[in-house]
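Structure record follows, encoded as C-alpha cells.
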Amino acid sequence: MSGHIKMKDMTWTEYAGRKEDILILPIGATEQHGPHLPLCVDTVLAEEFSYRIAGQVDGIVAPALCYGYKSKPFSGGGPLFPGTIDLNGQTLQNLVQDVIDEFVRDGFRRILLFNAHFENEPFVVEAMDLCSARHGDRVRLLLMNWWDPMSPNMIGRIFDQVPFPGWALEHAAITETSLMMYVAPELVRQDLIADVGKTDPGFCYRYPIDKDSIPSNGVLATARSSSAQKGQWIVEDVVSNISDFIRREFC
C-alpha cells in the first residue's frame, strides 16, 4: 500500500493535510494461534482489512495497536501458551483513550477503530464512551470487528464441510486460517494444520485455569477445509459491507 494510506509512511505535513479524511486505527493482539499460524494473526488481519477499507473510503490507517486484552481460555487459549502477551483491561482502555485523544488534538473528527481480537471489544467500547463524553458531537467514533459485517450467506459458504462452532471458538480455525492464507500465505505453516475436535467451553469461567481443558496445540476448532479462496470471499464481502456502512455513517 502507498504512503497515501499508511500514516506511518507520511511526513507530519502530509498527515496534517489529511485531517478531513477518515482515520482508521487497527487493533489487534499478540497471541498464540496454534502451531500453524503466527503470533501476529490478529494484528495482521486488523491492518489488512483497514488498508483495504481505507482504499475504498479515502481513509488513512494509523499504526496498529499490537497488544490486546487478556486471551481467554475458550476464545484464544488463554495465557497458557508462550507468546501470548496480554494487557490488563484498564491498560488497554487507557491506551485506546490516549490514542483517540491525540488524533482529535490533531484535528481528526471521524475515527474508525477496527478490531481483530475477540476479547478487546468491551474495553475499546469503554474507551470510546469516555472519549465521546469529553469530545461530544464534534467527534464521531465507530468500532467494528471484522467478523460482524459478514453477510449471512457467507457462513454457509465458509463452513461447507464442518459446522460453524461460533465466533469465540473460531480461533486459529477456518476463518482465521483462510484469511491468513489469502493476505499473508508466507506466514501459514500449512503442513502443521491439525484436524481437532470442537472444544467444549462449558458454562462458566474457572480460575485457576484448568490447562487440561484446552487442546494442547492451542487450536479450539478444526482448521480443516481452510483455503485462500475462502479468505478472499471473507475479505471482499466484509470490506464491501463496511465501506458501504462507513459512507452512510460518515457522510
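Along the sequence shown, the residues carry numbers beginning at 1.
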**Message:** Taking the side chain as everything from C-beta on, heavy atoms only, tell me whether Leu45 gets closer than 4.5 Å to Val41.
**Reply:** yes
**Message:** Within the structure provided, determine whether Leu220 and Ile214 are in side-chain contact (heavy-atom separation under 4.5 Å).
**Reply:** yes
**Message:** Can you confirm whether the side chains of His36 and Asn217 place a donor and an acceptor under 3.5 Å from each other?
**Reply:** no
**Request:** Find out if a path of hydrophobic residues (ILVMFWY) with successive side-chain heavy-atom gaps under 4.5 Å connects Val125 to Leu25.
**Result:** yes
**Prompt:** Does Phe159 have any ring-ring contact (aromatic ring centres under 6.0 Å, His included) partners at least two apart in sequence or in another chain, and if so, which?
**Reply:** Phe164
**Request:** Verify whether one side chain among Asn145 and Glu121 offers a donor that lies under 3.5 Å from an acceptor in the other.
**Result:** yes
**Asked** Where do Ala194 and Thr222 come nearest, in terms of heavy atoms and distance?
**Response** O-OG1, 4.0 Å
**Asked** Sequence neighbours excluded, which residues qualify as side chain to side chain contact (heavy atoms under 4.5 Å, CB included) partners of Tyr67?
**Response** Thr30, Ile85, Leu87
**Prompt:** Does the side-chain contact (heavy atoms from CB on, under 4.5 Å) test come out yes or no for Glu31 and Leu39, once each step is laid out?
**Reply:** CA-CA 5 Å; Glu31 178 188 33; Leu39 301 170; over 6 Å; no
**Asked** Is any side-chain heavy atom of Glu176 less than 4.5 Å from a side-chain heavy atom of Asp42?
**Response** yes
**Message:** Is any side-chain heavy atom of Pro38 closer than 4.5 Å to one of Met180?
**Reply:** yes
**Asked** Side chains of Asp86 and Ser71: closer than 4.5 Å at any heavy-atom pair?
**Response** yes
**Request:** Only counting residues at least two apart or in another chain, list the ones meeting side chain to side chain contact (heavy atoms under 4.5 Å, CB included) with Tyr15.
**Result:** Met7, Met10, Leu23, Ile60, Phe103, Asp106, Phe108
**Request:** Tell me, please, which residues at least two apart from Ser213 pass side chain to side chain contact (heavy atoms under 4.5 Å, CB included).
**Result:** Phe74, Asp210
**Request:** May I ask you to decide if Thr175's main-chain N or O and Ser178's side chain share a donor-acceptor pair within less than 3.5 Å?
**Result:** no
**Asked** Which heavy atom in Leu65 sits nearest to a heavy atom in Thr43, and how many Å separate them?
**Response** O-OG1, 4.3 Å
**Message:** Below 30° counts as parallel, above 60° as perpendicular, anything between as tilted: where do the rings of Phe123 and Tyr69 land?
**Reply:** tilted
**Prompt:** Does the Gln93 side chain pair with the main chain of Val124, one donor and one acceptor, at a distance under 3.5 Å?
**Reply:** no
Quiz: residues 150-157 side-chain donor-acceptor pairs under 3.5 angstrom, not counting sequence neighbours:
{"unit_1": "Ser151", "atom_1": "OG", "unit_2": "Asp237", "atom_2": "OD1", "d": "2.6"}
{"unit_1": "Ser151", "atom_1": "OG", "unit_2": "Asp237", "atom_2": "OD2", "d": "3.4"}
{"unit_1": "Ser151", "atom_1": "OG", "unit_2": "Asn241", "atom_2": "ND2", "d": "3.0"}

**Item:** Any side-chain donor near an acceptor of the partner, Lys230 and Ser225, under 3.5 Å
**Value:** yes
**Request:** May I ask you to test the Arg247-Asp244 pair for a side-chain heavy-atom distance under 4.5 Å?
**Result:** yes
**Request:** Mind checking the CZ-OG spacing from Arg138 to Ser132? Nearest 0.5 Å is all I need.
**Result:** 10.5 Å
**Test item: side-chain donor near acceptor, Asp101 and Gln97, under 3.5 Å** = no
**Message:** Looking at every non-hydrogen atom in both residues, tell me the closest pair between Gln56 and Ser243 and how far apart they are.
**Reply:** CB-OG, 3.3 Å
**Request:** Over all heavy atoms of both residues, which pair between Ile193 and Ala223 is shortest? Give the atoms and the distance, please.
**Result:** CG2-CB, 3.8 Å
**Worked verdict on Ile111 versus Arg140 for side-chain contact (heavy atoms from CB on, under 4.5 Å)** = CA-CA 6 Å; Ile111 301 171; Arg140 303 180 72 179; over 6 Å; no
**Cluster check Val235, Trp167: I/L/V/M/F/W/Y, side chain < 4.5 angstrom** = yes
**Request:** Using a 4.5 Å cut-off on heavy atoms from C-beta on, say whether the side chain of His117 contacts that of Asn120.
**Result:** yes
**Request:** Carefully, step by step, assess Arg189 and Leu37 under the rule side-chain contact (heavy atoms from CB on, under 4.5 Å).
**Result:** CA-CA 6 Å; Arg189 288 72 164 171; Leu37 292 176; over 6 Å; no
**Item:** Short N-O contact, Glu14 and Arg18, less than 4.0 angstrom
**Value:** no
**Prompt:** Rounded to the nearest 0.5 Å, what separation is found between the CZ atom of Phe114 and the CG atom of Leu143?
**Reply:** 9.5 Å
**Request:** Give the minimum heavy-atom separation between Leu141 and Cys131, together with the two atoms involved.
**Result:** CD1-CB, 4.2 Å
**Prompt:** For Pro63, does its backbone N or O pair with a side-chain atom of Glu47 as donor and acceptor, under 3.5 Å?
**Reply:** no
**Asked** Between atom CD1 of Ile158 and atom CD1 of Ile174, what is the distance when rounded to the nearest 0.5 Å?
**Response** 8.5 Å
**Item:** Any side-chain donor near an acceptor of the partner, His171 and Ser75, under 3.5 Å
**Value:** no
**Which atom of Leu179 lies closest to which atom of Gly231, heavy atoms considered** = CD2-O, 3.6 Å
**Prompt:** In the single-linkage hydrophobic clustering (I, L, V, M, F, W, Y; side-chain heavy atoms under 4.5 Å), do Leu130 and Ile100 co-cluster?
**Reply:** no
**Request:** Calculate, to the nearest 0.5 Å, the distance between atoms NE2 and SG belonging to His33 and Cys40 respectively.
**Result:** 9.0 Å
**Prompt:** Who passes salt bridge (Lys or Arg N to Asp or Glu O under 4.0 Å) against Glu236, sequence neighbours left out?
**Reply:** none
**Item:** Side-chain heavy atoms of Glu119 within contact of Lys70, under 4.5 Å
**Value:** no
**Asked** Going through the checks in order, is the side-chain contact (heavy atoms from CB on, under 4.5 Å) test met by Val96 and Asp98?
**Response** CA-CA 5 Å; Val96 173; Asp98 288 352; over 6 Å; no
**Message:** For Asp195, is there any backbone N or O sitting under 3.5 Å from a side-chain donor or acceptor partner on Arg224?
**Reply:** no
**Prompt:** Are the side chain of Ser50 and the backbone of Ile24 linked by a donor-acceptor contact shorter than 3.5 Å?
**Reply:** no
**Message:** With rounding to the nearest 0.5 angstrom, report the CG to CD1 distance, Asp58 to Ile22.
**Reply:** 8.0 Å
**Request:** Determine, for Phe118 and Lys72, whether the Lys NZ or Arg CZ falls below 6.0 Å from the six-membered ring centre while staying within 45 degrees of the axis.
**Result:** no
**Message:** Let me confirm one number: the CG-CZ distance from Leu142 to Phe245, rounded to the nearest 0.5 Å.
**Reply:** 6.0 Å
